Amino acid sequence: MIRELDTDVLILGAGGAGLTAALHAADASPRLRVAVVVKGLLGRAGCTRMVQGGYNAVLTEPDSLEAHLLDTLAGGGWINDQELVWTLVTEAPGRVLELESRYGCLFDRTPAGRIHQKPFAGQSHDRTIHKGDLTGIEIMNRLTEQVLARPGIAALEECRAVELLLDDAGRAAGALLLDMRAGTFVVARARATLLAMGGGPTMYRVIACSADKSADGIALAYRAGAPLRDMEMVQFHPTGLVIPGSLMTGALLEEGLRGAGGHLRNGLGERFMARYDAARMERSTRDLVSRASFTEVAEGRGTPNGGVWIDVSHLGAETVERNFRGMVKRCRDFGRDLARGPVEVGPTAHFLMGGVVIDSACRTAIEGLFAAGEDTGGVHGANRLGGNGVAESTVFGGLAGDAVAAFVLGRPSPRAPAAAWRSTVEALATPLGRPPGPALYDLLGALRDVMWDGAGLVRDGDSLGGALAEIDRIEAALDTVGVPGDPSLNTAWQDWLSLRNQVLAARLIARSALERRESRGAHFRRDFPAPAPGPPVTVRVRRGGEGPAVTTEPVAFTRASPPATAAPAAVEVGD
Ligand SMILES: Cc1cc2nc3c(=O)[nH]c(=O)nc-3n(C[C@H](O)[C@H](O)[C@H](O)COP(=O)(O)OP(=O)(O)OC[C@H]3O[C@@H](n4cnc5c(N)ncnc54)[C@H](O)[C@@H]3O)c2cc1C
């Protein structure tokens, strides 16, 4: 059975970007019908809820918008879209005030009653607004309450977008959804559609991000023909927990531990950062520290479980317990005592800097299709500064909500030809009842391994070529996988649908990484270990006749030019 739904605004994803967009669209006109689609439960799914460290916004002197711009560009290796960065830094202060005064968030205060801003790595001023170390929960709880209070917003929970719908003229016409509980498809027609599905590097072996994400927004945009940028830029965080046999492997231990003077040691007990960055040691940049520990393990100097040790016990157990309460508890849950001894950690895939190309009003190249948050590329360039992620999602989410509300005025509902979505429904249902072919979870494991080993922290032409060959094999095998059971609440079928998108996003990452013949920010190539001479470029990818069409474009320095001697991304970054 296929259900049908008509709405004015269709928002795919309900993290910081999706919820802020829904509120802005609904408040622009109470007559608008806004539908928010979320793979999990409203307010509970995605990464915004996981935000610990905080939110970057310029509130008081001596900080300035220009300083925030320059920090973000230096952090991003100067390949950011400078107009998007300027939009981020100029809109963020207003969005923080809106979060407090309109939506009810309450951030930590100084004794004088002002919003407290803490120092965060890579930033020239104390700029990071927070609610203890649970900033994301505060933001998501308040946004969710606001969404639930607006009758114009309908939430479709445990429902996933599986394909975008286009009309005969190639304009966005809504999306094909799958109600995961009932196992039925929904044709959702909309006058404007927003991608806010939060990217997500879940195609890697070890991850810090929410496991419900499978780069669906990236895959849907690509298949619909929208251009993407800088997909090779995947951020790895150096201190993910290593807990053999536990799905919590990869969960973050926050960067403040290194900032506070924590030591990293290899399996031989050496403070190995002396070999990679003797001046800054553990306070070196996130990409560099991640690569250093990866190299230690690869060269046989890892811990018994293939990580390195982080040790803060010399700071004193009482200090650690007081200043890192959440981290101590997280470790204790797994039988580790962070306050009194070393804990095994390793790099973990954290964030996709690349994504859909947008302008400052969140428009994509497809009329009627908008995108915001981690689904998009350009804001962070080659490396995201800690605190800029949640700012990006709520700033651009709000702008997208304003933009879609204005866009739909007087616009008729475009109609997607039924033949197109009927054939998609058929194709997506094929694994149901098919005889079991290759084991689905072996294919997922193979993808995660090959991305980690071939397109991970350290890559080269051969490893990327090998990864692409393995991706071909996995993709072909995926077409023959059968899943048992009926469509309702069928986890294996959901995982098949997710893997299809993870494989596609993996291909875009590897193809783009092959194209960027240099090292910059999070992208490090053994065969091109330095930044390329000459002006930096962005790598663009879009659907071509025979797979991804990859090109490069010079970066437009519309707001600032890199200093002649700029070392790309040579700054520290936080959570
Ligand atoms: C552990 C951790 C800590 C972090 N700490 C910080 C920090 O301190 N400061 C900071 O600035 N940034 C931080 N970040 C990054 C930050 O979380 C992201 O930049 C930001 O939250 C992304 O917001 P978003 O709305 O784009 O995506 P998300 O918040 O991830 O939301 C994505 C939404 O899309 C839904 N979805 C996915 N696929 C589908 C589909 N097919 N159909 C329907 N819905 C779908 C998901 O269920 C979810 O609701 C952290 C990230 C992690 C993982």
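Atoms within a ligand are numbered from 1 in the order they appear, just like the ligands themselves. Since the structure is predicted, the reported quantities are computational estimates derived from the model, not experimental observations.
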TODO: Could you check which of A208, A21, S214 puts a non-hydrogen atom nearest to atom 53 (C) of ligand 1?
DONE: A208
Task: L252 N/O under 3.5 Å from ligand 1 N/O - done: no
Task: Side-chain H-bond candidate by donor/acceptor type, S498 with R160, under 3.5 Å - done: yes
TODO: Please confirm whether G54 comes under 4.0 Å of ligand 1, counting heavy atoms of the residue only.
DONE: yes
Task: Contact atoms of ligand 1, heavy-atom distance to S393 under 4.0 Å - done: 23 (O), 24 (P), 25 (O)
TODO: Could you tell me the separation between the CG atom of L399 and the OG1 atom of T394, rounded to the nearest 0.5 Å?
DONE: 9.5 Å
Task: salt_bridge(R127, D63) N-O dist < 4.0 Å - done: yes
Task: Polar atom proximity, D216 to ligand 1 (N or O, under 3.5 Å) - done: yes
Task: Side chain, backbone, both or neither: D212 near ligand 1, heavy atoms under 4.0 Å - done: side chain
Open item on the list: Can you confirm whether R325 is buried at CZ, in the sense that more than 12 heavy atoms of other residues, nucleotides or ligands lie under 6.0 Å from that atom?
Closed with: no
Task: Sub-3.5 Å N/O-N/O distance, A14 and ligand 1 - done: yes
Open item on the list: As an exercise, identify every atom of ligand 1 less than 4.0 angstrom from a heavy atom of F351.
Closed with: 19 (O)
Open item on the list: Taking 4.0 angstrom as the limit and counting only heavy atoms of C209, give me the atoms of ligand 1 inside it, by number and element.
Closed with: 53 (C)
TODO: Quick one: closest heavy-atom pair of V206 and W452, and the distance?
DONE: O-CZ3, 3.6 Å
Task: Nearest option to atom 29 (O) of ligand 1, as decided by whichever heavy atom of L497, T48, V36 sits closest - done: T48
Task: Atoms of ligand 1 close to C159 [distance to a heavy atom under 4.0 angstrom, numbered from 1] - done: 43 (C)
TODO: Look at ligand 1 and say whether R384 reaches it with a heavy atom at a distance under 4.0 Å.
DONE: yes
TODO: Quick one: look at N388 and ligand 1, take heavy-atom pairs under 4.0 Å, and tell me if it's side chain, backbone, both or neither.
DONE: backbone
Open item on the list: Please find the pair of heavy atoms, one from A221 and one from V356, that lie closest to each other, and give the distance.
Closed with: CB-CG2, 3.6 Å
TODO: Pick, from G198, A215, G397, the option with the minimum heavy-atom distance to atom 27 (O) of ligand 1.
DONE: G198
Task: Donor-acceptor contact present, side-chain T87 to main-chain E83, <3.5 Å - done: yes
TODO: Just do the side chain to side chain contact (heavy atoms under 4.5 Å, CB included) check on V312 and M327 with the steps written out, would you?
DONE: CA-CA 11 Å; V312 287; M327 299 299 108; over 6 Å; no
Open item on the list: Under a 4.0 angstrom heavy-atom cut-off, which atoms of ligand 1 come close to G16?
Closed with: 25 (O), 29 (O)
TODO: Applying salt bridge (charged side-chain N to carboxylate O under 4.0 Å, His left out) between D333 and each of R330, K329, R336, report the one that passes.
DONE: K329
Open item on the list: Below 3.5 Å, N or O to N or O, backbone or side chain included: is there any such pair between K213 and ligand 1?
Closed with: yes
TODO: Would you check whether E392 has a nitrogen or oxygen atom less than 3.5 angstrom from a nitrogen or oxygen atom of ligand 1?
DONE: no
Task: Atom pair CG/CG of L220 and D216 - distance to nearest 0.5 Å - done: 6.5 Å
Task: Contact (N/O only, under 3.5 Å) between V390 and ligand 1 - done: yes
Task: Presence of salt bridge, E100 and K131, under 4.0 angstrom - done: no
Open item on the list: Please report whether the ring centroid of F236 lies less than 6.0 Å from that of Y204.
Closed with: yes
Task: For A17, the ligand 1 atoms whose distance to one of its heavy atoms is below 4.0 Å - done: 25 (O)
- [ ] Select one of side chain, backbone, both or neither to describe which atoms of K39 lie under 4.0 Å from any atom of ligand 1, heavy atoms only.
- [x] both
Task: Atoms of ligand 1, numbered as shown, that sit under 4.0 Å from any heavy atom of G387 - done: 9 (N), 10 (C), 11 (O)
Task: Within-cut-off N or O pair, G386 and ligand 1, under 3.5 Å - done: no
Task: R205, CZ atom: more than 12 neighbouring heavy atoms under 6.0 Å - done: yes
Open item on the list: If I take atom OH from residue Y55 and atom CG from residue L99, how far apart are they, to the nearest 0.5 angstrom?
Closed with: 5.5 Å
Task: Heteroatom distance test (E374, ligand 1): nitrogen or oxygen, under 3.5 angstrom - done: yes
Task: Where ligand 1 meets A196 - atom numbers and elements under 4.0 angstrom, heavy-atom basis - done: 32 (C), 33 (C), 34 (O)
